[in-house]
Visitor: 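This structure is in structure tokens; I'll ask about it shortly.
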Number of protein chains: 2
Amino acid sequence: MVEGMSPVKVTDELCTVSLPAALLGERWTLLLLRQAFLGTRRFEDFQSAMDISRSVLTERLAKFVEEGILSRVAYKDVRTRYEYRLTEKGLDLYPVLMALRKWGDRWMTPEEGPSFDLHHRDCGGQVDVKVECAACGDELTARDVRVTPLR
Amino acid sequence: MVEGMSPVKVTDELCTVSLPAALLGERWTLLLLRQAFLGTRRFEDFQSAMDISRSVLTERLAKFVEEGILSRVAYKDVRTRYEYRLTEKGLDLYPVLMALRKWGDRWMTPEEGPSFDLHHRDCGGQVDVKVECAACGDELTARDVRVTPLR
DNA sequence: CAGCTAGGGTTCGGATTCCGAACCTAGGGG
DNA sequence: CCCCTAGGTTCGGAATCCGAACCCTAGCTG
């Protein structure tokens with residue numbers, strides 16, 4: 001991808017990059033997701049943490065539920081309440097957030113450094129994201145990858 | 001992150017996830033990026049490939065240039081033209097796109113399969129994205145990671 | 001050298017979407 | 001009974017987005 005490449009023509013609607021990109025590349029969805037990964041589960045908590053309007057929050061949560069990224073489950077507190085929990089499909093978006101973070105760490109760090117630390121629960125090591133070749137294991141950049149249209 | 005976690009309170013504006021998330025989580029930006037990685041460089045080509053309105057495309061390209069993700073360079077065709085090229089900062093977003101694609105392949109594949117193939121230029125192997133521990137090398141999921149607020 | 005063309009934009013009115021604030025509702029507490 | 005709380009819904013105004021039309025510059029055409 002990229003170097004010395006004539007623009008590849010691809011059927012947009014069927015592309016597995018653009019489908020998720022269209023879903024996540026919408027105001028609030030990535031931030032909502034981040035918040036969910038930070039452990040937020042209740043409507044009010046999302047609202048106060050993100051400073052989003054209630055009506056839009058309702059919409060975004062509903063779409064995530066519809067997409068199967070969050071599930072809305074009732075539970076008993078002092079009375080029946082609802083919480084939004086990441087499904088397996090939702091949890092599987094973790095690498096996307098980690099890739100964003102890695103980029104943010106390198107290119108958008110505020111002077112004081114990142115505001116939280118992520119580390120391996122078992123050994124305490126830092127979290128890292130890598131693009132690599134499934135066959136030879138080499139780490140890859142955009143320049144090492146070739147695109148072949150299939151249809 | 002996630003399992004058995006009480007919601008972590010984090011200074012939003014300084015978070016290295018939410019900063020890029022706010023930038024990329026805006027209509028068209030992720031799709032524009034994908035298009036750039038597919039080799040598109042010229043205004044007209046972006047416009048026809050993405051079906052975005054010209055005024056919004058102008059805005060998005062300008063913001064990417066301002067952010068240093070694309071650079072606008074003049075070149076001579078039959079006469080002076082401009083093209084938008086990914087900078088190093090832009091190229092470094094590759095893992096984000098690859099993470100999206102991996103997720104899309106698993107959870108949003110159209111019946112006919114993905115519309116293009118990505119493979120290592122040298123050995124032909126498939127491209128993969130992994131979240132791993134920088135210390136012990138284990139592959140990590142959201143459940144293996146602990147969050148610690150720093151400020 | 002008048003006119004045409006192509007790339008890369010800008011401008012504009014109407015349609016969407018977003019926002020903040022107010023309102024609704026069901027169950028529990030005083 | 002009346003109020004409180006979590007989780008929404010409704011509403012009018014403000015900000016964005018859209019498509020279509022227009023503009024500007026350089027080179028080619030005759």
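In what follows, every chain begins at residue 1, and chains take the letters A, B, ... in the order their sequences are listed. Keep in mind the model is a prediction, meaning the values are calculated, not measured.
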Visitor: Separation of A:Q47 atom CD from C:dC18 atom P, in whole Å?
Guide: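 The distance from CD of A:Q47 to P of C:dC18 comes to 15 Å, rounded to the nearest Å.
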
Visitor: Please encode protein proximity along nucleotides 19-30 of chain C as a string of B, S and -, counting only heavy-atom distances under 4.0 Å.
Guide: BB-----BBS--

Visitor: Any side-chain heavy atom of A:M108 sitting closer than 4.5 Å to one from B:P20?
Guide: yes

Visitor: How long is the span from the CZ atom in A:R101 to the OG1 atom in B:T16, to the nearest 0.5 Å?
Guide: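 Rounded to the nearest 0.5 Å, the CZ-OG1 separation comes to 4.5 Å.
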
Visitor: Any link between B:V73 and B:L61 through a network of hydrophobic side chains (Ile, Leu, Val, Met, Phe, Trp, Tyr) touching at under 4.5 Å?
Guide: no

Visitor: A:L61 CG to D:dG7 P: how many Å, rounded?
Guide: 11 Å

Visitor: To the nearest Å, how far apart are B:L57 CG and D:dC18 P?
Guide: 11 Å

Visitor: For the residue pair A:Y84 and A:F46, categorise the inter-ring angle as parallel (less than 30°), tilted (30 to 60°) or perpendicular (more than 60°).
Guide: perpendicular

Visitor: Hey, is the side chain of A:R81 poking within less than 4.0 Å of OP1 or OP2 on D:dT5, counting only N and O atoms?
Guide: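 Negative; the distance criterion is not met.
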
Visitor: Grab the CG-P distance between A:L32 and C:dC18 for me, whole Å please.
Guide: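 Rounded to the whole Å, the gap is 13 Å.
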
Visitor: To the nearest Å, give me how far apart CD (A:E26) and P (D:dT16) are.
Guide: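 The answer, rounded to whole Å, is 16 Å.
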
Visitor: Is the count of non-hydrogen atoms from other residues, nucleotides or ligands lying under 6.0 Å from B:K63 atom NZ greater than 12?
Guide: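 No, the 6.0 Å shell around NZ holds no more than 12 heavy atoms from other groups.
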
Visitor: Could you tell me the separation between the CZ atom of A:F43 and the P atom of D:dA6, rounded to a whole number of Å?
Guide: 12 Å

Visitor: Would you say B:R41 reaches C:dG7's phosphate, i.e. side-chain N/O to OP1/OP2 under 4.0 Å?
Guide: no

Visitor: For D:dG8, does either OP1 or OP2 sit under 4.0 Å from a side-chain N or O belonging to A:Y84?
Guide: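 Answer yes for this pair, as a side-chain N or O of A:Y84 is under 4.0 Å from OP1 or OP2.
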
Visitor: Can a salt bridge be assigned to the pair A:E44 and A:R54 using a cut-off of 4.0 Å between side-chain N and carboxylate O?
Guide: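 A:R54 and A:E44: salt-bridged.
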
Visitor: Given the ring of B:Y82, does B:R72 sit roughly above its face, with NZ or CZ under 6.0 Å from the centre of the six-membered ring and within 45° of the axis?
Guide: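 Yes; both conditions hold, so B:R72 lies above the ring face of B:Y82.
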
Visitor: Would you kindly give the NZ-to-P distance between B:K63 and D:dC17, to the nearest whole Å?
Guide: 9 Å

Visitor: Checking B:E88 now: which residues fulfil side-chain hydrogen bond (donor to acceptor under 3.5 Å, both in side chains) with it, not counting sequence neighbours?
Guide: A:R106

Visitor: If I take atom SG from residue B:C136 and atom CG from residue A:D122, how far apart are they, to the nearest 0.5 angstrom?
Guide: 7.5 Å

Visitor: Counting the atoms with a prime plus P, OP1 and OP2 as sugar-phosphate, which does B:E59 contact under 4.0 Å by heavy atoms, base, sugar-phosphate, or nothing?
Guide: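 Sugar-phosphate only.
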
Visitor: Over its full length, what angle do the end axes of the helix from C:dC1-D:dG30 to C:dG30-D:dC1 make, each axis taken from five pairs and the result rounded to 10 degrees?
Guide: 10°

Visitor: Report the distance from atom CG of A:D45 to atom P of D:dG8, rounded to the nearest whole Å.
Guide: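 Taking CG of A:D45 and P of D:dG8, I get 13 Å after rounding.
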
